[in-house]
Amino acid sequence: MHLILAAIGILLIGGLGALLAGGSRRSATLLGRGSVHAACLVGAIGLAFSWAGRVPAAVQVPWSVPLGSFSIALDPLSTWFILPLLPLAALAASYGGASMENGHGGPGAVRRAGAAWFFFNVLVASILVVLTARNAILFLVAWEVMALASFFLVTWDDERREVRDAGWVYLVATHIGTAFLLAFFALLGARAGSLDFDAIAAARGGAAGGVCFLLAVAGFGTKAGLMPFHVWLPEAHPAAPSHVSALMSGVMIKTGIYGLMRALEFVGPPAAWWGWILLGVGLLSGIGGAAFALAQHDLKRLLAYSSIENMGLVALGLGLGIIGLVAGAPAVIALGFAAALVHVFNHALLKGLLFLGAGSVLHATGRLDLNRLGGLLRRMPWTGGSMLVGTAALSGLPPLGGFVGEFLLFLAAMQATLTPALALPGLTVLVGVALVAGLAAVAFTKVFGIAFLGHPRSPEADGSRESRNGMVIPMAVLAAACVAAGFAWIAPLLLVFGRDPGGAASPLPAGVPLGELLGETWTVPIAGGILLMVLAGVILIRVGLLRGRPVRASVTWDCGYARPDARMQYSGSSYVQPLTGLFHLLLRTRIDFDRPAAIFPGSSRLSTTTPALFRKLLYEPAFERVRLALQRFKWLQHGRLQLYVLYIVIVFVLLLIWMAWSAP
Amino acid sequence: MRTWTWLHPLIALAFAPLLGGLIARTKAVFAGRTGAPVLQPYFDLAKLFRKGAVYSRTTTTVFRAAPTVGLAAIIVATLVVPFGGAPALLAFPGDFLLVVGLLAIGRFATVIAALDTGSSFEGMGASREVQFAALAEPALFLSLAAAGLAAGGSSLSRMQAAASVESWLAAGPALPLIAAALIAVVLAENSRIPVDDPNTHLELTMIHEVMILDHGGPDLGLILYGAALKLWVMGALLVNIVLPFRAGDAWVDGGISLAGMVLLAVAIGTIESSMARLRLTRVPQLLVGAATLAALALVLVLR
């Protein structure tokens with residue numbers, strides 16, 4: 001555990017060093033990247049030692065903050081969420097260093113390299129603290145630092161207007177989320193008489209559990225990007241530099257899931273309607289996220305919506321787990337929670353990989369608009385190959401990582417359906433996930449097929465070249481990890497959670513034989529192995545068939561048309577048009593079309609845009625109302641400093657009076 | 001009883017193309033023609049496997065690898081689907097999800113290979129294919145879930161073992177509904193009328209065929225063979241649930257299942273001869289309708 005503290009220390013010192021060395025980009029990168037690597041190594045050793053039981057799992061450091069205590073601890077849940085953080089942070093740092101050398105983000109951004117590394121290191125450190133904190137004050141402070149550090153990273157490229165707007169939306173959304181968490185912890189703390197997590201967990205089962213749970217869903221759901229609290233996510237992720245998007249989408253939004261699972265420990269025993277709430281939110285996020293994802297043309301925005309979809313799947317797993325918990329169905333509990341946990345892990349690797357790939361595309365072409373890309377696989381074989389693995393895995397193809405989480409979720413739903421009392425939730429999940437999986441496959445065949453295959457749709461895409469090794473290698477490592485995770489996912493799950501089922505901080509209730517329930521799913525990796533062998537056999541047959549036969553190159557079949565053109569290809573918009581049409585009620589895709597007119601038509605154009613529905617219909621009107629309501633108090637804000645000081649004095653006096661009055 | 005566990009993959013590999021020949025012969029009989037020999041699909045494959053290949057200059061390795069990957073995935077699926085009363089080689093709870101995943105591999109490969117050519121025709125086919133697949137998937141899941149619920153287990157082998165005349169009678173109208181939904185899914189997934197017409201010659205009206213326009217030679221052979229296997233796998237799923245007669249003898253049971261496959265081919269031929277294709281915009285209604293039937297079946301099973 002001290003090693004985790006050491007890792008946090010290394011991150012902060014390295015970050016400060018980078019900030020001070022900010023004038024020189026080279027030394028800032030050296031310090032920032034080096035410290036992230038060192039910290040991840042130290043942290044990994046710490047995880048291994050504490051898993052082996054060699055070191056105490058909890059550390060307490062004196063802290064003078066009232067009600068707070070600097071106590072951090074590692075339990076299976078914390079370990080599980082830190083597990084993807086360490087490699088992803090290290091790889092993102094490598095990538096970030098290489099991409100900054102490319103001079104991405106404009107001259108101003110390069111000048112601020114020191115600050116960028118500082119905030120990156122602080123972000124990693126704060127996620128570590130969030131995942132290990134055992135006191136509400138410490139947790140909230142780290143939570144806020146995490147939000148601010150990521151805000152500064154999102155707005156790193158602040159010379160662009162849309163980046164500033166995105167940062168603003170993110171800042172507001174994350175603080176509204178934190179406000180719910182403040183209320184959540186205040187309620188729990190008042191009940192337990194302490195803000196230490198142990199005391200809060202010991203006082204579980206008290207009154208107002210439902211209210212606390214709803215507060216947790218709103219607060220943590222905002223961070224996790226669950227619909228309808230997701231508005232910030234499709235704005236902030238595209239705006240941030242790609243290695244930061246990878247870290248944010250890969251691990252930062254998972255702290256919301258971590259918080260939800262912790263909250264279950266604090267406010268239980270759950271009621272069935274809690275599970276239903278998560279199922280509802282999960283279905284909305286899953287189907288909505290997938291539908292919005294396939295309608296996007298901006299690669300990173302598409303990936304951001306896909307993150308919402310995947311967090312929806314995780315919420316479905318949690319919801320089923322809770323419903324199983326209430327009904328006392330061990331198989332549903334274990335499979336539901338296992339599905340959520342496994343998918344969190346796999347999605348961290350996958351979304352990290354895809355955002356890094358998107359960054360590589362942006363570097364090479366300067367564009368993220370799918371309708372202006374194409375033919376990149378030929379020009380960037382390594383980026384393309386890694387993206388092929390990532391998109392195939394997120395489409396839920398066996399035996400890759402993304403399939404496993406969906407498989408466990410289906411299995412949990414099937415188990416629930418077979419349990420008479422749980423048939424309805426089981427069916428809901430079954431149908432929902434089947435639809436989500438189909439839609440996700442459309443979104444990701446679109447990403448890979450439109451951006452990486454076919455003819456280039458712009459001169460920039462045509463002239464693109466493979467990114468430098470520092471960017472390619474992290475992607476290749478992540479792609480390999482995604483393949484490995486498809487085969488070996490069960491091992492870490494059992495290592496972290498299987499040893500101590502129902503232990504103090506395990507999300508699984510006592511007596512759930514996780515290993516036994518997952519036992520037969522070993523067949524999935526075996527089937528994956530058989531698939532690879534059969535594939536090798538078919539490849540040999542094909543090679544044999546083509547041996548000695550003439551193989552020629554020619555043009556694509558074009559129906560004899562004389563002048564084929566890259567713009568005649570199906571575009572991202574046309575590829576998904578049948579489905580955006582079906583989901584028109586939700587997506588409201590707008591088509592701007594200047595029809596060709598007259599006998600000799602001039603130029604014409606067509607463009608489609610899918611607006612952020614919730615932002616337009618829900619949040620903007622609501623915030624407008626709030627703004628109008630608060631207009632009345634505008635006279636308080638006049639810019640006269642002496643009067644502001646007077647306000648402070650008045651508040652102090654009132655507080656003193658209140659204390660003196662209530663003290664005896 | 002385990003004879004067919006090992007025999008089924010071999011039988012599927014050997015006889016899958018025969019289904020296509022039977023369908024074509026049925027259609028010929030309906031049309032009053034003599035028609036091609038029942039073994040014509042084998043002749044076609046033999047011809048294609050002897051040819052060289054022509055590749056578009058636009059394409060990459062993806063285009064060359066896709067037919068191979070798709071065929072490998074569907075071969076593995078034959079190991080998961082039970083046949084003739086015996087459990088499959090790979091049988092475990094939720095194994096039907098693996099079959100769906102393996103089918104998805106084939107689709108993913110075909111779709112990105114189509115986009116790899118940079119042809120607007122093939123992009124159009126890919127767009128249609130993914131749309132219908134996304135809608136067919138819930139129907140397939142719901143019908144298999146209903147069958148699993150009736151059988152009390154989520155493994156295909158378990159579903160097959162539990163299907164009997166008594167279970168048909170006990171489940172009442174649920175099983176015909178499941179069968180109807182599955183037939184719709186089988187027709188849609190295997191690009192048959194009323195969803196797609198395998199014999200059409202106009203690129204604009206095709207779905208599956210237009211995606212493989214640019215493949216030729218051995219690659220096209222692998223695709224056609226994979227498509228035949230896919231029809232066999234999905235047909236076996238359907239026959240297992242619809243034909244619950246078991247004699248207890250492995251050879252008789254296997255014979256019944258084989259007869260079921262022949263019957264299925266004739267039924268598909270009959271449907272293709274007696275129906276017109278649906279307009280493309282009507283296909284989603286067919287698939288959502290199938291999902292609704294399956295959901296109704298589920299309600300009946302749960303009742």
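A, B, ... follow the sequence lines: proteins, then strands. Residue 1 opens every chain.
Looking only at heavy-atom pairs under 4.5 Å with chain A, the residue among B:Arg107, B:Glu137, B:Met124 that has the most is B:Met124. When each of B:Val130, B:Leu97, B:Ile112 is checked for heavy-atom pairs under 4.5 Å with chain A, B:Leu97 comes out on top. Contacts with chain A were tallied for B:Val100, B:Val62, B:Leu71; B:Val62 has the most, counting heavy-atom pairs under 4.5 Å. Taking A:Gly396, A:Ala392, A:Ser571, A:Ala440 one by one and counting their heavy-atom pairs under 4.5 Å with chain B, the maximum is reached by A:Ala392. Counting heavy-atom pairs under 4.5 Å between each of B:Gly101, B:Ala65, B:Pro67, B:Ala53 and chain A puts B:Ala53 at the top. The choice from B:Leu142, B:Thr60, B:Thr68 that makes the most heavy-atom pairs within less than 4.5 Å of chain A is B:Thr68. By number of non-hydrogen pairs under 4.5 angstrom with chain B, the leading residue of A:Arg542, A:Met414, A:Met568, A:Lys446 is A:Arg542. Ranked by heavy-atom pairs under 4.5 Å with chain B, the first of A:Val431, A:Leu424, A:Leu532, A:Val555 is A:Val555. Among B:Val80, B:Leu222, B:Ile75, B:Asp219, the residue making the largest number of heavy-atom pairs under 4.5 Å with chain A is B:Asp219.
A:Thr556 contributes a side-chain N or O that, together with a main-chain N or O of B:Thr117, makes up a donor-acceptor pair within less than 3.5 Å.
Contacts from residues 280-300 of chain B to chain A, taken as heavy-atom pairs separated by less than 4.5 Å, involve B:Pro284, B:Leu298 in sequence order.
Using a 4.5 Å cut-off between heavy atoms, A:Leu294 does not touch chain B at all. For a residue to count as touching a neighbouring chain, one of its non-hydrogen atoms must lie under 4.5 Å from one of that chain's; by this rule A:Ala441 does not touch chain B. For a residue to count as touching a neighbouring chain, one of its non-hydrogen atoms must lie under 4.5 Å from one of that chain's; by this rule B:Val69 touches chain A with backbone and side chain alike. Interface residue B:Tyr55: backbone and side-chain heavy atoms are both found under 4.5 Å from chain A. Neither the backbone nor the side chain of A:Ala566 comes within less than 4.5 Å of any heavy atom in chain B. Contact annotation for A:Thr391: both backbone and side-chain heavy atoms come within less than 4.5 Å of a heavy atom of chain B. For a residue to count as touching a neighbouring chain, one of its non-hydrogen atoms must lie under 4.5 Å from one of that chain's; by this rule A:Ala437 touches chain B with backbone and side chain alike. Using a 4.5 Å cut-off between heavy atoms, A:Ile541 does not touch chain B at all. At a 4.5 Å heavy-atom cutoff, the contact between B:Thr59 and chain A is made by backbone atoms alone. Residue B:Ala133: no heavy atom, backbone or side chain, is found under 4.5 Å from chain A. Heavy-atom distances place no part of B:Phe132 under 4.5 Å from chain A, backbone and side chain included. Of the two parts of A:Ser395, only the side chain, counted from C-beta on, holds a non-hydrogen atom closer than 4.5 Å to a non-hydrogen atom of chain B.
Closest approach of A:Ser554 and B:Val54 over heavy atoms only: CB-CG1, 3.6 Å. Of all the heavy atoms in A:Tyr570 and B:Ser120, the pair that sits closest is CD1-O, 3.5 Å. Minimum heavy-atom separation, B:Leu98 to A:Pro398: CD1-CB, 4.1 Å. Shown here for B:Ser127 and A:Ser574, the closest heavy-atom pair between the two residues is OG-O, 3.7 Å. In terms of heavy-atom proximity, A:Gly449 sits nearest to B:Leu115 at CA-CD1, 3.5 Å.
Between B:Phe141 and A:Phe410, the gap from one ring centroid to the other is short of 6.0 Å.
Annotation: the span from A:Leu397 atom CG to B:Leu102 atom CG amounts to 9.5 Å, rounded to 0.5 Å. In this structure, CG on A:Leu427 lies 7.0 Å from CG on B:Leu149, to the nearest 0.5 angstrom. Note: B:Arg50 CZ to A:Leu545 CG = 11.5 Å, rounded to the nearest 0.5 Å. The CG atom of A:Leu439 lies 10.5 Å from the CD atom of B:Gln131; values are rounded to the nearest 0.5 Å. Taken from CG in B:Asp95 to CG in A:Leu411, the straight-line distance is 10.0 Å, to the nearest 0.5 Å. Remark: B:Leu213 CG to A:Trp557 CH2 distance equals 8.5 Å, nearest 0.5 Å.
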- In sequence, state the C-alpha distance, the side-chain angles, and the governing distance for B:Asp116 and A:Leu377, and then conclude on side-chain contact (heavy atoms from CB on, under 4.5 Å). CA-CA 10 Å; B:Asp116 197 11; A:Leu377 181 63; 5.9 Å; no
- Yes or no on side-chain contact (heavy atoms from CB on, under 4.5 Å) for A:Leu453 and B:Phe63, after CA distance, side-chain angles and deciding distance? CA-CA 10 Å; A:Leu453 301 174; B:Phe63 182 79; over 6 Å; no
- Task: Test B:Thr58 against A:His455 for side-chain contact (heavy atoms from CB on, under 4.5 Å), laying out the working first.
- Result: CA-CA 7 Å; B:Thr58 317; A:His455 292 287; 3.2 Å; yes
- For A:Ile530 and B:Leu90, what are the C-alpha separation, side-chain angles and deciding distance, and is it a side-chain contact (heavy atoms from CB on, under 4.5 Å)? CA-CA 10 Å; A:Ile530 295 177; B:Leu90 289 172; 4.1 Å; yes
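Residue pairs meeting the ring pair (Phe, Tyr, Trp, His ring centres under 6.0 Å) criterion with at least one partner in residues 380-408 of chain A, sequence neighbours excluded, are A:Phe403-A:Phe407.
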